[in-house]
Protein chains: 2
Amino acid sequence: MKSKSTSELKASIHRVEEICKSNKLGLTEIRKQVFEIIVKKNKPIKAYEILDKISNINNKPSHPPTVYRAIDFLIENGFVHKLNSINSFVGCFHPKAHKECYFLICKKCNIYQECCDDSLKDRISKTAIHNNFVISNTTLEIEGHCLDCSQK
Amino acid sequence: MKSKSTSELKASIHRVEEICKSNKLGLTEIRKQVFEIIVKKNKPIKAYEILDKISNINNKPSHPPTVYRAIDFLIENGFVHKLNSINSFVGCFHPKAHKECYFLICKKCNIYQECCDDSLKDRISKTAIHNNFVISNTTLEIEGHCLDCSQK
DNA sequence: ATAATATATGTTATGTTATAACATTGCAAT
DNA sequence: ATTGCAATGTTATAACATAACATATATTAT
């Protein structure tokens, strides 16, 4: 899997700023810091690792609620997703394009990739309908090895 | 969603006993107790709820590792699955029939249902192949409302 | 039968992940 | 200026999970 370039990262941050501006969402300093930490990491990141980084950036200890509240804001607005299988967070590279997001997560290099193709979405939707089930949210996390890592 | 009948529960427990016998897996007293607690609950159950029940059954306090080790054994052998999105455990009603297991989880009544149809499995597999990705394990948890609960 | 080995469990402590509850701040609207 | 509200700070603790080492129980080889 390819990691993101600096320009992609910048674009991603800029996009979030624009979306917040046009939707009147309060992208405060902390929320912006947390988002930047997450997208710059470019791999799934844990809440307490974000906490450490935030504390360093601001030269004063932050506390868990600060980080979790920022994460909540970012998730609510589709800028970040949580990977339940590894209790970690990742940036979303096409926020607002979808509500659900499916992931491939490489166990070796830890890089993740979104894989939200429509045929998969359709299939999940059909499965739900077939079971008379109304979906509110879906967790699909595929763990394994990416091409690079399975060749090594 | 329908909940399981007593006979289905008994059959499930018996099946696990048989599988363990024929595969020489040590289904110890505690492992059996934990499995029974999980299947009898018939809804996703938390580790510390199992811990309480185990302590009651045996009239002495048990400790987290005891429960988590039993759960590990049951998961390894496909008798139980973990729902990562809600940190809970559920019994598997057709162990050994599949490695991966997909779930529908009703947020209201909390009943869950396996939904491991082949077309879904195929679709996930194709998505992985398309991304040159080798799957080791998949988490698919669909949360929402079952028929009964969405009609209320 | 007995010692050696492996498997499982008990026990204590602690690590990791997440939230409750309430105080404080900063800013906007009246 | 005061009220209201959204965001943050702060303290404490809840909820989830494992490390490490001791003890017991079962299995096997002698």
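Letters go in sequence order (proteins before strands), and every chain restarts at 1.
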Let me know the distance between [atom1] of [X] and [atom2] of [N], rounded to the nearest Å.
X	N	atom1	atom2	value
B/N87	C/dA18	CG	C1'	10 Å
B/L27	C/dA8	CG	C1'	13 Å
B/K82	C/dT17	NZ	C1'	11 Å
A/K32	D/dA7	NZ	P	16 Å
A/R69	C/dT25	CZ	C1'	13 Å
B/H63	C/dA8	NE2	C1'	15 Å
A/N84	C/dT16	CG	P	20 Å
B/E29	D/dT25	CD	P	14 Å

Any side-chain N or O of [X] less than 4.0 Å from the OP1 or OP2 oxygen of [N]?
X	N	answer
A/Y68	C/dA18	yes
A/K60	D/dG9	yes
A/K46	C/dT17	yes
A/T66	D/dT10	no

Distance-only check: which donor-acceptor pairs under 3.5 Å involve side-chain atoms of residues 78-90 of chain B, not counting sequence neighbours?
unit_1	atom_1	unit_2	atom_2	d
B/N84	ND2	B/T139	OG1	3.1
B/S85	OG	B/E141	OE1	2.4
B/S88	OG	B/I86	O	2.8

Would a 4.5 Å heavy-atom cut-off, applied to side chains only, mark A/K121 and A/D118 as touching?
-> yes
Sugar-phosphate, base or nothing in reach of B/R31, heavy atoms under 4.0 Å | sugar-phosphate
Do you see a donor-acceptor pair shorter than 3.5 Å between the side chains of A/N58 and A/Q33?
-> yes
Please check if any side-chain donor atom of A/K107 sits under 3.5 Å from a side-chain acceptor atom of B/N137, or the reverse.
-> yes
With a 3.5 Å cut-off and just heavy-atom distances, do the side chain of B/Y48 and the base of D/dA17 make a donor-acceptor pair?
-> yes
Taking the side chain of A/I30 as heavy atoms from C-beta outward, which of C/dA18, C/dG10, D/dT8 is closest to it?
-> D/dT8
Report the nucleotide, chosen from D/dA7, D/dA17, C/dA18, that has the shortest atom-to-atom distance to any side-chain atom of B/P64.
-> D/dA17
Please figure out whether B/P61 or B/G26 has its closest DNA chain C nucleotide nearer the 5' end.
-> B/G26
Could you tell me whether a side-chain N or O of B/S12 sits under 3.5 Å from a main-chain N or O of B/E8, the two making a donor and an acceptor?
-> no
